[in-house]
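Keep in mind that what you see is a predicted model, and the values were worked out from it rather than measured. Residue numbering restarts at 1 for every chain, and letters A, B, ... go by the order of the sequence lines.
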Amino acid sequence: MKITVESKSGRRAFYCGAKETILNAGLRQGVNLPYECATGSCGTCRARVISGDVEVRWKDAPGGKKLKPEKGDVLMCQTRARSDCVLRVPSEISTRDENRPALRRGVIRNIRKLTSDVVHFDLHLSDPMDFEAGQFVVLETDELSGGRAYSMVNFDRAAARIAFVLKRKPSGGFSDWLFTRENVDLPVEVFGPLGRCIFRPEEGKNIVCIAGGSGIAGMMSILEHATRADHFSKYKGAVFFGVRTLADAFYLEALSGYVAASRGNLEVTIALSDETATTPAHPDHPSLKLASGMVHEVAARAIEDRYCNMIAYVAGPPIMVDGAIRALIVGGVPTLDIRYDKFS
Amino acid sequence: MAWKRICGADEVAENTVKKFDVDGIPILLVNYGEGYRAIPPICPHMEEPLEESGVIVRCVLTCTKHLWAWDLKTLEMKGETEKPLKTYKVKQEDGSVLANIEEELIYEFEDAEEEDDDFFK
């Protein structure tokens, strides 16, 4: 099917297969349609269908609450084409040639528990994938409908293995599915890489990472890339990792390793929201600082006078991300230097 | 012309916003220190309630949801912002802030003036 998108930047046309969403079809062909979560939560990929037949797979997607279905409004991440279509998108659309996302197959292996409700898992890909530190992919299985977005924890060029962290949620379909599997190869479809919350050392800036819970995933990838690129020999880094209690923190050895490699230029603070920190540093990992309070408040206090030549990365639950962004703006960080990844 | 009183000039603190109902029309009054702006209470991007998501720093209003921002003195769009703010004219008189409200300002999916502005090349 041919999809034509009218936007503020003019018309763009691309091919869409029967099984893929209009969003994925455009992105994999280098048409930068607007999106954030790619999984129905945020509403950023809304468009108006002017002509043609479409099929919406998740009609109650939370990101679609403000749409006007009677006018043909859809979320492109939830919409498949059933004929040639013309859509309107109320924003600018650029194009790109490099690092386009693509659909791959993979198998999940090496599921291991990090805390009582957090697991790490690896995904072995059918074709290697290049991605930027801080990006994510959308995973789907035949057994569960809809995609789930996960940020890569590792960083590699032409990666054949990508790693993730996942928090078990009370009614989280995918996490329940994963938690109850035996440790055998679990086949999944992988679409990516996606997301603009990315780190590139050549931007030449200090970095601040504010993460809540499994939001630390993308920050680990950023720290890995920054460490390998020797970024902390020239620039400062500050990481604030929010968890409820000390027992909920994970990746502490890896974080300690990055601090040690930074020769004093990287600080990592674990912020405890539901527990008072009784020591200034982690009892078992003395290079990691401890603080009490919500992570965005801890971060705001700690970096109050240091908002200079800095890119801020924020990832976590929406309330935490909004609080962190507010603190950064009040602190004078330009909006173009704030990159965030919100999940729900 | 329909100048209507929104509130007293001391009711909205500097660098804050407050939502008012003016004869059934929702108005967000923004006090940016050097003046006031009266605007619809939602972000033109994704209809986020600016009462909660709006932050004012150095005369710039930023919606924390997706970082669209506007200079409140000039109404210039900042960063990656793609739509202008719609505003009601405001004035201060006898300790009150008034807005000139003809009809409710609403953000459309595509605003007519944008299409007139050679929207689709």
Is it the case that over 12 heavy atoms from other parts of the model lie below 6.0 angstrom from the [atom1] atom of [X]?
{"X": "B:K91", "atom1": "NZ", "value": "yes"}
{"X": "B:K19", "atom1": "NZ", "value": "no"}
{"X": "A:E203", "atom1": "CD", "value": "yes"}
{"X": "A:E202", "atom1": "CD", "value": "yes"}
{"X": "A:E98", "atom1": "CD", "value": "no"}
{"X": "A:R196", "atom1": "CZ", "value": "no"}
{"X": "A:L336", "atom1": "CG", "value": "yes"}

Relative to chain B, which segment of A:A327 carries a heavy atom at a distance below 4.5 Å: side chain, backbone, both, or neither?
->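 Neither part.
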
Measure distances from A:I338 to the heavy atoms of chain B and classify the residue's part below 4.5 Å as side chain, backbone, both or neither.
->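 Both parts, backbone and side chain.
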
Ignoring hydrogens and geometry, is there a side-chain-to-backbone donor-acceptor pair from B:K78 to A:T335 under 3.5 Å?
-> no

Could you tell me whether a side-chain N or O of A:E92 sits under 3.5 Å from a main-chain N or O of B:E82, the two making a donor and an acceptor?
->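 Answer holds: no.
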
With a 4.5 angstrom heavy-atom cut-off, could you sort out which part of B:S53 is near chain A: side chain, backbone, both or neither?
->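 For B:S53, backbone heavy atoms alone lie under 4.5 Å from chain A.
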
Hey, does A:I329 have a side-chain heavy atom less than 4.5 Å from the side chain of B:L67?
-> yes

Would you say B:E47 and A:K65 make side-chain contact, with heavy atoms under 4.5 Å?
->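 Not touching, per the 4.5 Å side-chain cut-off.
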
Looking at CE of B:M46 and CD of A:E36, how far apart are the two atoms once the value is rounded to the nearest 0.5 Å?
-> 7.5 Å

Rounded to the nearest 0.5 Å, what's the gap from CD1 on A:I325 to NZ on B:K65? Could you check?
-> 9.0 Å

